Number of protein chains: 2
Amino acid sequence: MEAAKAAFAELGVDAAMRDIATRAGVGVGTIYRNYPQRSDLIIAVFRRELDATAAEADHLASEHSPATALRLWAQSLARFVATKRGFAGALHSGDPAYNLLPGQFIGVLAPRVQSILDAGAVSGTIRGDIRAEDLIHALTRLADSHPGDADDRAGRMTTVLLDGVIGAPSAG
Amino acid sequence: MEAAKAAFAELGVDAAMRDIATRAGVGVGTIYRNYPQRSDLIIAVFRRELDATAAEADHLASEHSPATALRLWAQSLARFVATKRGFAGALHSGDPAYNLLPGQFIGVLAPRVQSILDAGAVSGTIRGDIRAEDLIHALTRLADSHPGDADDRAGRMTTVLLDGVIGAPSAG
DNA sequence: CAACTATACGGAACAATGTTCCGCTTGTCA
DNA sequence: TGACAAGCGGAACATTGTTCCGTATAGTTG
């Protein structure tokens with residue numbers, strides 16, 4: 001089954017089930033039995049990296065100021081998303097087959113990020129009216145780029161968003 | 001054909017071609033003959049509203065400061081996107097069937113928005129390192145919400161992004 | 001060791017959907 | 001009135017997600 005994961009990662013999140021099955025040398029039924037929802041398969045495939053990204057939030061928080069930690073972590077998240085073709089699309093698709101994905105994803109990441117946000121709010125370096133869940137949603141949306149997109153548009157817009165997060169609260 | 005457009009708008013951007021055809025009382029072939037690419041159909045359907053949104057950028061620019069015009073226009077764009085289920089998804093899908101969509105969309109809107117950005121940059125109220133195209137991409141990504149999403153997350157994150165656009169340039 | 005059973009597997013079968021293509025209708029012109 | 005052209009409708013085809021069933025296999029029991 002781990003072989004299936006590798007094949008899967010290569011083809012992208014919305015690879016055809018038949019392809020995945022063939023590459024893994026199993027039948028499609030076998031995949032569905034182990035991962036009834038497509039989300040289950042995706043979660044299984046990226047669990048390790050997801051946990052690593054979550055852990056990095058804690059690590060960065062312990063080594064940097066909240067504002068810096070947040071910026072660095074956002075880059076980390078962007079890397080995660082950028083290297084998984086179609087992942088962000090699945091995350092925000094609303095497709096029932098991807099039902100569990102947002103919950104799992106946010107569930108793992110949000111608490112760590114919220115810690116950073118809270119610390120920054122206390123020290124006044126990060127505005128206090130931002131929820132980690134919203135921020136993660138926004139970051140994953142902005143980080144989702146396609147081959148034809150302008151060079152590092154995602155990175156630039158992420159920076160701008162963080163300027164809004166770290167700067168003063170809305171003037172208007 | 002105009003009837004097809006209405007039916008189409010009701011079911012969402014990724015409505016099944018058969019449904020659209022049935023509702024319009026025509027065969028699927030007829031649709032494909034008039035709109036070889038799915039993008040063509042979408043563009044045709046929303047052209048009027050898209051132009052109106054573009055025109056509103058000019059209007060707002062003439063009545064308000066650049067910063068205020070930009071904020072108001074962003075809300076206008078968000079309304080546009082929010083009322084077209086699946087539109088943002090199609091816009092950023094990368095699917096060949098939606099090929100022409102981003103170009104058309106950006107092509108119509110970007111020049112007007114760039115005017116606002118330029119005016120703001122001159123008066124110092126808007127940072128000067130933002131490209132209209134990037135901003136529109138980002139706004140449409142953030143505005144794309146699904147049923148079940150937190151209340152007005154899109155609106156809040158859009159506000160934050162604009163705070164980044166209108167506030168001081170990145171400190172880091 | 002043999003028979004039986006439960007488990008899991010593979011892939012055929014089914015359903016939905018995008019897209020193409022062909023036969024027919026309809027309207028025009030000589 | 002007859003021939004022709006254009007446009008239409010929907011059948012047909014291909015792809016893909018998902019379910020289901022016959023079968024092989026491993027484990028258990030006598």
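A note on names: the letters A, B, ... follow the listed sequences, proteins ahead of strands, and every chain is numbered from 1. Keep in mind it's a predicted model, so treat the numbers as computed, not measured.
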Residue that, paired with P66(B), satisfies side chain to side chain contact (heavy atoms under 4.5 Å, CB included) out of L60(B), L117(B), I126(B), V122(B): I126(B)
Backbone of D144(B) reached by a side-chain donor or acceptor of R141(A) within 3.5 Å: yes
Qualifying residues under ring pair (Phe, Tyr, Trp, His ring centres under 6.0 Å), relative to F46(A), sequence neighbours excluded: F87(A)
N99(A) (side chain) donor-acceptor with D95(A) (main chain) under 3.5 angstrom: no
With Q114(A) via side-chain hydrogen bond (donor to acceptor under 3.5 Å, both in side chains) - residues at least two apart: D118(A)
Overall bend - the helix from dC1(C)-dG30(D) to dA30(C)-dT1(D), comparing terminal axes fitted on five pairs, nearest 10 degrees: 30°
Sugar-phosphate, base or nothing in reach of A15(A), heavy atoms under 4.0 Å: sugar-phosphate
Contact residues, residues 25-41 of chain A to DNA chain C [heavy atom, < 4.0 Å]: G25(A), V26(A), G27(A), V28(A), G29(A), T30(A), R33(A)
SB check E49(B) K84(B) (cutoff 4.0 Å): yes
Between dA14(D) (C1') and R18(B) (CZ): distance, integer Å: 12 Å
Nucleotides bounding contact with chain A, strand DNA chain C, heavy-atom threshold 4.0 Å: dA8(C) to dA13(C)
Straight-line distance of S93(B) OG to L101(B) CG, nearest 0.5 Å: 8.0 Å
Pairs where residues 123-149 of chain B contributes a residue and the test ring pair (Phe, Tyr, Trp, His ring centres under 6.0 Å) is met, not counting sequence neighbours: H92(B)-H137(B)
Inter-residue atom distance I43(A).CD1 - R38(A).CZ, 0.5 Å rounding: 13.0 Å
Interatomic distance, M157(A) atom CE to D163(A) atom CG [nearest 0.5 angstrom]: 10.0 Å
